[in-house]
Amino acid sequence: MDGFTEFISELAGRLSQFTDIIAASALIIIDICALVIIAFCTKEKKTVQAQWSKAARHMILTDAAESFTFTLNSQEVLMGRHISADLRFPDMSVSRYHALLTLDNGIWTIKDLDSTSGTYVNGVKITEKKLRNNDEITIGKKKIYIRRVKPQNV
Amino acid sequence: MKSLKRGRNLITLMMLIFLVGIVLLVVKIQMEASFYISNSGSRDLGYVYDCNGDIIFDDSAKEGDYPDGYFKDVGNLIGDASGQMTNTLVANNLESLSNYSFTKGITRKGGKAAIYATLNHDANEQVYSAFGDKEGCAIAYNYKTGEILVCVSKPNVDPLKGYEDLADGSLLCKAFYKTVPGSTQKISTLISAIETMGIDRLREKSFTCEGSYTNQTGEVINCHNAYGHGTQNIDEAFQNSCNPFFAQLVEDSDWKLSDIENAYKKLGFSVNGSPSDSIDINGITAQTASTELTDKYEFNTQWSCIGQGMSLVSPCQMMMWQSAIANETGKSTMPYLIDHVTNVNGRIVETAETSYSGQLFSSSTASEVRSIMLENGQNYAGTIPGYTIGVKSGTAQVKDGAEENSLLTGFVDDDNFPIAFAVLIENRQQYDITTDSIVYTMLSALD
Amino acid sequence: MYKNGLSYGGITLLSLLTHISLLAVVFVKGSYETIMSPIILSTVVIVSDLLYFFILRFLKQNTYTLDILLITLLNMSVIFQSCFGGVGFAVKHFIFSVLALACCQAGFKLAENYQFIEKYKYVFYGICGVLIISILLFTGSRGMWIDLGFITIQPSEFLKVFFVLVFATSIAQQQKKKKVLFVKVVYDNMALLALTGVIMLLQWWCRDLGSLPTFAAVAACGFLMRICYPKAKLSKKLIIGLSAAGLVIVIIALKFAPSYVQDRLHVDIWSDPTGNGWQQCQALIAIAEGGWFGKGPGHGVLYKVPAADTDIVFSSICEEWGMLMALLAVFMIILLLVTALINTPRSYFHTTLTVGVCAAFIAQMALNIFGSCNMIPFTGVTIPFISQGGSSMLTCGFMIGFLKAGQARVYPVPVRPAQQNINRRTV
């Protein structure tokens, strides 16, 4: 406690000098600058998201009952049973790494990853196929759909 | 996205580790900044004061600022900041002396960083001059608290006069280095004997001295009294400091060599090269004691127990044993030189606390040895009048018998004046100053 | 106009204000012979600031905060570097800071499209090979610089950039497994393992022990990101368990290591303050003398010590500007990396690239700062952007470009909608 009051009085002693006031205010300005920039960074996040949604054509994955929606938020989406898969189906009919969705120039492509039960699009077994809106994807026993949702701000 | 989150977690983890490192760095710098500054060329060092407020170290002093020889008695104990001596108070506590704080920076004038030492400069000077033309050392401390009051070593160095043309041993404070203990070693042997046999069995034993004793391996142990002391028990032999008695005690069948070894080791001896701790006095390293015990019927081992042979004890260690005896606890009071330390703003940042060693011997042994030593102290009523003391003297042959050192170690039995001391005069001749008179000077100066 | 539709006026003004406040400190606390030297410094800093921000408006990208942070940091470091031992103007550092910004843009353009890099990955492996051979041929076994007469370059610094780049991977690539004997492996991973091994041996041979931990950190993070898609069961728990066990083994090994190893790892610099430990002792003393607020720009004495503006630059800044300012500068570099946590990359490739860049940056900063303060062995590495040094500035610029690629990339939007969607039809 003594040490603390001593520190405060020493600090006060230093900050009573003109030059140290300037130095301290420089420190504070840099602090503010850094924090404001970082705060602004979160604001940018929205524009990045908007740009991305546009590029990804506002696509989501869902099932027939629309019991879940999975927003396609990155250029590669890994589907499978393994815990590290982005979209996980805890079902033995699905391979650990079953299929991969990729975005390229605004087009989503599905690619089968040598899965045991195979990947089907609209009932046809595929190894690689460009997807269209409302396509039905079958992996293992699971059926999912790729859908375009209306952008909220339009 | 799971896969992307993994990367984010990894980056966060690395940053956290780095930030923890930065925090540690800031803490480390805060803790050690004074130390760094004390190693820099632009430092400003405060004073060391003695217990009465006299300055005993002044970094900015030049010759002529103080009376001639003012620092002469403390030169190799307090030392200076020049780096010439490493085992001194200032050299080991530069950090506490630097007029610096991390926020304020270095204070050039009026910094209040200082060490308030326990030493009594006035008494120290008196003891120093009492040595006259003799060399040696004297150390005394308060055996209840551990404050070192007097610590003199001669020859010494005056830091203001530089380091040229110094006599041998000027740069070392002899109180902290091992020397041949002479008959003061009989205290340790007595303690060991009581510890292993018990006082009652020890008192039953009596041996005869005829001026010399031929031991079982056929070698002759001489007594300082050529006419012999006759038949004595332990109390009488201790007072007479009788060598043949102690030689026969070592040979006694009730006493095993391993017992002696263990008791010595407990006292802090390094026996036959076994490791022993050194004493740390505010950064100053003091040696303890060492001896060699190989065969209890053999000449050298017996002499080691009597005080010659391979036995070596530092005066500081002798004095500390006295505290264990005088306090009747069997634990030494640890000595210290720094009472308190103030920082650059004058705030007390460090205060000394009394601490004790481990159990060196039992407290009942301590009481017995105490009464035996007090009895012996009665013989000094003429030379050290006015004090009830318990002492043991010693004469040690050094340089292959060419020189004799005179030693005296003991304590004052007074709750209001609890002083334990050890004094050494080197190469003492017959009509030279005695250890008794130095002790008397010391006690009167401190009283 | 900024291309993402946001207004950055306030932030650029703040960034400018930051530099002005630093320059104010130079004016009132600095040590200079004529008033001209701080005036020249101020003019250059402010004019270059305005120019940077003007150019920034025309760049087509999604985010600009990373660039603004980088500009703030670079001109801060120009001011720092100009003041060591007396206010002047660090022309060389300024030129390299401009080049670093250019490199940042180049790195951004290079790494923007990951399919492009995946396709030509062998080219980058080739560049790594060329750099390794150039180290073998030109630097000699105990050196790390190639002297071209007018400039000395450090190939291991450039190697770092391409090392980070080849470590980045997409998920698709990790799924291309081939069966070799009994185990399924990704050829790319094997190639990287070999490359890592070669580089480690090379660093050891060069005694470039400062770069070695940086490469090791990049490789460790890279492999950790790669093996998260294994066919085998290598769960998170196992990885954590293994690394914890490894750490314990390392600690135990260090504890019982022979004394000469321990001496090498923990040097007691204060026992030899005029010999081996001189640089570090002076650095620590300088930090202590600087305190929280510093002696003032130009008032330091540490500039007399070798490598005052590179290896022990943290202490130099501490001495003249104070510990708070030095910590803030480090904080700014961390913030550069934090932007990657806020605006996360949209692909696994860029995530791994970002992790690699962060590993390299953090490892370098840690080695430099903790090394110069005697917490870990002292190795001569630079703090990104703060230390003086051409190769280091350029490569750090490149790496920040990679970071930017992850967050500022503008994705191509198809011109022709693929198909009318049902939602729209029902509206």
Side-chain angles (χ1 to χ4, degrees), chain B residues 1-44 81-83 86 91-95 98-108 111 113 283 343-345, chain C residues 170-171 174 217 220-221 224-225 228-229 236 270 273 281-295 301 314 318 323-324 327 330-331 333-334 337-338 340-342 344-348 350-359 361-363 365-366 369-370 373-376 406:
Chain B
M1 293 278 134
K2 234 176 252 170
S3 51
L4 307 187
K5 208 173 163 192
R6 195 172 302 128
R8 234 156 46 214
N9 291 346
L10 200 58
I11 296 172
T12 318
L13 182 73
M14 286 191 285
M15 280 181 189
L16 281 180
I17 293 173
F18 179 73
L19 288 179
V20 167
I22 287 285
V23 169
L24 285 180
L25 174 73
V26 174
V27 171
K28 175 188 145 102
I29 300 268
Q30 290 299 306
M31 311 262 282
E32 297 179 355
S34 296
F35 170 73
Y36 302 150
I37 284 295
S38 66
N39 279 283
S40 98
S42 55
R43 67 189 170 199
D44 184 277
S82 67
T86 51
N92 289 300
N93 293 282
L94 272 181
E95 199 182 330
S98 67
N99 271 316
Y100 168 81
S101 92
F102 197 74
T103 314
K104 261 171 110 172
I106 301 169
T107 306
R108 291 279 166 217
N343 72 359
V344 61
N345 298 320
Chain C
S170 63
I171 296 177
Q174 288 308 301
C221 288
L224 204 61
M225 293 298 287
C228 279
Y229 293 101
K236 226 182 241 175
W270 297 103
C281 287
Q282 293 304 313
L284 285 170
I285 290 170
I287 294 177
E289 286 189 359
W292 292 117
F293 298 106
K295 290 173 167 177
V301 290
F314 184 77
C318 277
M323 196 177 201
L324 290 175
L327 289 177
V330 173
F331 184 57
I333 303 175
I334 292 285
L337 311 181
V338 165
L341 290 180
I342 298 173
T344 46
R346 295 282 164 178
S347 70
Y348 197 66
H350 284 123
T351 307
T352 47
L353 195 60
T354 306
V355 169
V357 171
C358 290
F361 267 55
I362 291 176
M365 283 196 288
I369 296 171
F370 302 146
C373 296
N374 199 32
M375 284 167 83
I376 54 174

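The sequence lines fix the lettering, A, B, ..., with proteins before strands; numbering per chain opens at 1.
With a 4.5 Å cut-off on non-hydrogen atoms, B/Gln30 touches chain C through its side chain but not through its backbone. Within the 4.5 angstrom heavy-atom criterion, no atom of C/Thr352 approaches chain B. Both the backbone and the side chain of B/Leu24 come within less than 4.5 Å of a heavy atom of chain C. If you measure heavy-atom distances from B/Leu10 to chain C, the contacts under 4.5 Å come from the side chain alone. Interface residue B/Leu25: backbone and side-chain heavy atoms are both found under 4.5 Å from chain C. Only the side chain of C/Met323 has a heavy atom closer than 4.5 Å to any heavy atom of chain B. For B/Lys28, the part sitting under 4.5 Å from any heavy atom of chain C is the side chain, from C-beta outward, and nothing else. In this structure, chain B has heavy atoms under 4.5 Å from both the backbone and the side chain of C/Ala359.
Summarising the geometry, atom CG belonging to C/Leu327 is positioned 11.0 Å from atom CD1 belonging to C/Ile334; distances are rounded to the nearest 0.5 Å.
The closest donor-acceptor contact from the side chain of C/Tyr348 to the backbone of C/Met225 lies under 3.5 Å. Remark: side-chain polar atoms of B/Asp44 are not paired, donor with acceptor, to backbone N or O of B/Tyr100 under 3.5 angstrom.
Taking the six-membered ring for Trp and thresholds of 30 and 60 degrees, B/Phe18 and C/Phe370 have ring planes inclined between 30 and 60 degrees apart.
Between C/Lys295 and C/Val301, the closest side-chain pair of non-hydrogen atoms falls below 4.5 Å. Side chains of C/Phe361 and B/Met14 form no contact here, defined as non-hydrogen atoms less than 4.5 Å apart.
Between chain C and the options B/Lys104, B/Glu32, B/Met15, heavy-atom pairs under 4.5 Å are most frequent for B/Met15. Highest contact tally toward chain B, considering only C/Val355, C/Thr351, C/Leu284, is held by C/Leu284 [criterion: heavy-atom pairs under 4.5 Å].
For the residue pair B/Ser40 and B/Ser42, a side-chain donor N or O sits within less than 3.5 Å of a side-chain acceptor on the partner.
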